[in-house]
Peer 1: 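This is the structure, below, for whatever I ask next.
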Amino acid sequence: MCRARPASFFAAGSGRDLTLPLVTELAAADTVLLGAPMYTFAVPAAFKAWIDRVTFPGAFAHLDTRESLLAGTRVVAVLARGGAYGPDTGRADLDVRLPYLRAWTARLGVRPEHLHPVAAELTRVDVLPFLAGQERAAAASLAEARAALSRFAAAD
């Protein structure tokens, strides 16, 4: 039986009333679904604030063994990109979200094979004139992302 951190682990005055429910929810999850659109090549500030709120040393370590409570947790990260940043675009290095999420989930003790990124490219094709002509690629990317998410949902 895993033992999560007691409320006393979180110092009074440290935002415990806000932090503890978030940490408890994350520790109890079998699957975590993260929505991470690209904002200026990175994650949105609100998402980063949530990460900062739930991330600190020892929060997800078993009290007796120090093993991660999240080692078996599946993390599905939905990565929306308004433009084209896939591996064949020459712009993949501009999208820093996936390396960031890999580092963060590893720091929490999530096994690398349990992080499942699902990307949809060209999501702003309908409003950005310079993406004109890429509607089919956008639709294919979205269909592929939806199919991947359906497979994850069916695996539960």
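These numbers were taken from a predicted model, which means no experiment stands behind them.
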Peer 1: How many angstroms lie between CG in Leu98 and CG in Leu115, if you round to the nearest 0.5 Å?
Peer 2: 6.5 Å

Peer 1: Would you call Asp95-Arg81 a salt bridge at under 4.0 Å N-O?
Peer 2: yes

Peer 1: For Leu33 and Phe152, what are the C-alpha separation, side-chain angles and deciding distance, and is it a side chain to side chain contact (heavy atoms under 4.5 Å, CB included)?
Peer 2: CA-CA 10 Å; Leu33 178 63; Phe152 286 121; over 6 Å; no

Peer 1: Compare every heavy atom of Pro87 with every heavy atom of Ala92, then report the nearest pair and how far apart it is.
Peer 2: CB-CA, 4.1 Å

Peer 1: Tell me if a side-chain donor or acceptor on His114 pairs with a main-chain N or O of Ala71 at a distance below 3.5 Å.
Peer 2: yes

Peer 1: Is there a path of hydrophobic side-chain contacts, each under 4.5 Å between heavy atoms of I, L, V, M, F, W or Y residues, that connects Leu26 with Leu101?
Peer 2: yes

Peer 1: Quick check against the 3.5 Å criterion: does Arg97 have a side-chain atom that pairs as donor or acceptor with the backbone of Ala36?
Peer 2: yes

Peer 1: Are the side chain of Ser68 and the backbone N or O of Leu108 linked by a donor-acceptor pair below 3.5 Å?
Peer 2: yes

Peer 1: Taking a hydrophobic cluster as the set of Ile, Leu, Val, Met, Phe, Trp and Tyr residues connected by side-chain heavy atoms closer than 4.5 Å, whether directly or through intermediates, do Val110 and Trp104 fall within one such cluster?
Peer 2: yes

Peer 1: Nearest 0.5 Å please: distance from the CD atom of Gln134 over to the OG atom of Ser141.
Peer 2: 11.0 Å

Peer 1: Where do Val76 and Leu149 land on the side chain to side chain contact (heavy atoms under 4.5 Å, CB included) test, with the steps shown first?
Peer 2: CA-CA 8 Å; Val76 178; Leu149 292 172; 3.8 Å; yes

Peer 1: Would you say Glu121's side chain and Gly86's backbone share a donor-acceptor pair under 3.5 angstrom?
Peer 2: yes

Peer 1: May I ask whether Phe41 and Leu122 are part of the same hydrophobic cluster, defined by side-chain heavy atoms of I, L, V, M, F, W, Y residues being less than 4.5 angstrom apart, directly or through others?
Peer 2: no

Peer 1: First locate atom OG1 of Thr89, then atom CG of Leu94, and finally report the distance between them rounded to the nearest 0.5 Å.
Peer 2: 8.0 Å

Peer 1: What heavy-atom pair brings Ala120 and Ala145 nearest, and what distance separates the two atoms?
Peer 2: CB-CB, 4.1 Å

Peer 1: Give a yes or no on whether Asp126 atom CG has more than 12 heavy-atom contacts from other residues, nucleotides or ligands under 6.0 Å away.
Peer 2: yes

Peer 1: With rounding to the nearest 0.5 angstrom, report the CZ to CG distance, Phe47 to Leu34.
Peer 2: 4.5 Å

Peer 1: Say whether, by atom type as modelled, one donor and one acceptor occur between the side chain of Glu144 and the main chain of Leu142 under 3.5 angstrom.
Peer 2: no

Peer 1: Looking at side-chain heavy atoms only, is the closest gap between Tyr85 and Asp93 below 4.5 Å?
Peer 2: no

Peer 1: Verify the neighbour count for atom CD of Glu135: are there more than 12 heavy atoms of other residues, nucleotides or ligands below 6.0 Å?
Peer 2: yes

Peer 1: Does the side chain of Arg53 come within less than 4.5 Å of Leu18's, by heavy atoms?
Peer 2: yes

Peer 1: Is it true that Val75 and Leu22 fall in one hydrophobic cluster, defined by side-chain heavy atoms closer than 4.5 Å?
Peer 2: yes

Peer 1: Given side chain to side chain contact (heavy atoms under 4.5 Å, CB included), test Val32 with Thr73 step by step and report yes or no.
Peer 2: CA-CA 7 Å; Val32 175; Thr73 302; 3.8 Å; yes

Peer 1: Rounded to the nearest 0.5 Å, what separates atom OG1 in Thr105 from atom NE2 in His116?
Peer 2: 10.5 Å

Peer 1: Roughly how far, to the nearest 0.5 Å, is the OG1 atom of Thr55 from the NZ atom of Lys48?
Peer 2: 8.0 Å

Peer 1: So, for Leu69 and Ala61, which heavy atoms are closest and what is the spacing to 0.1 Å?
Peer 2: CG-C, 4.1 Å

Peer 1: Using modelled atom types and a 3.5 Å cut-off, is there a donor and acceptor pairing between side-chain atoms of Arg124 and backbone atoms of Gly83?
Peer 2: no

Peer 1: With the 4.5 Å side-chain cut-off for hydrophobic clustering, are Leu70 and Trp50 part of the same group?
Peer 2: yes

Peer 1: If you count every heavy atom of other residues, nucleotides or ligands that lies below 6.0 Å from Tyr100 atom OH, does the total exceed 12?
Peer 2: yes

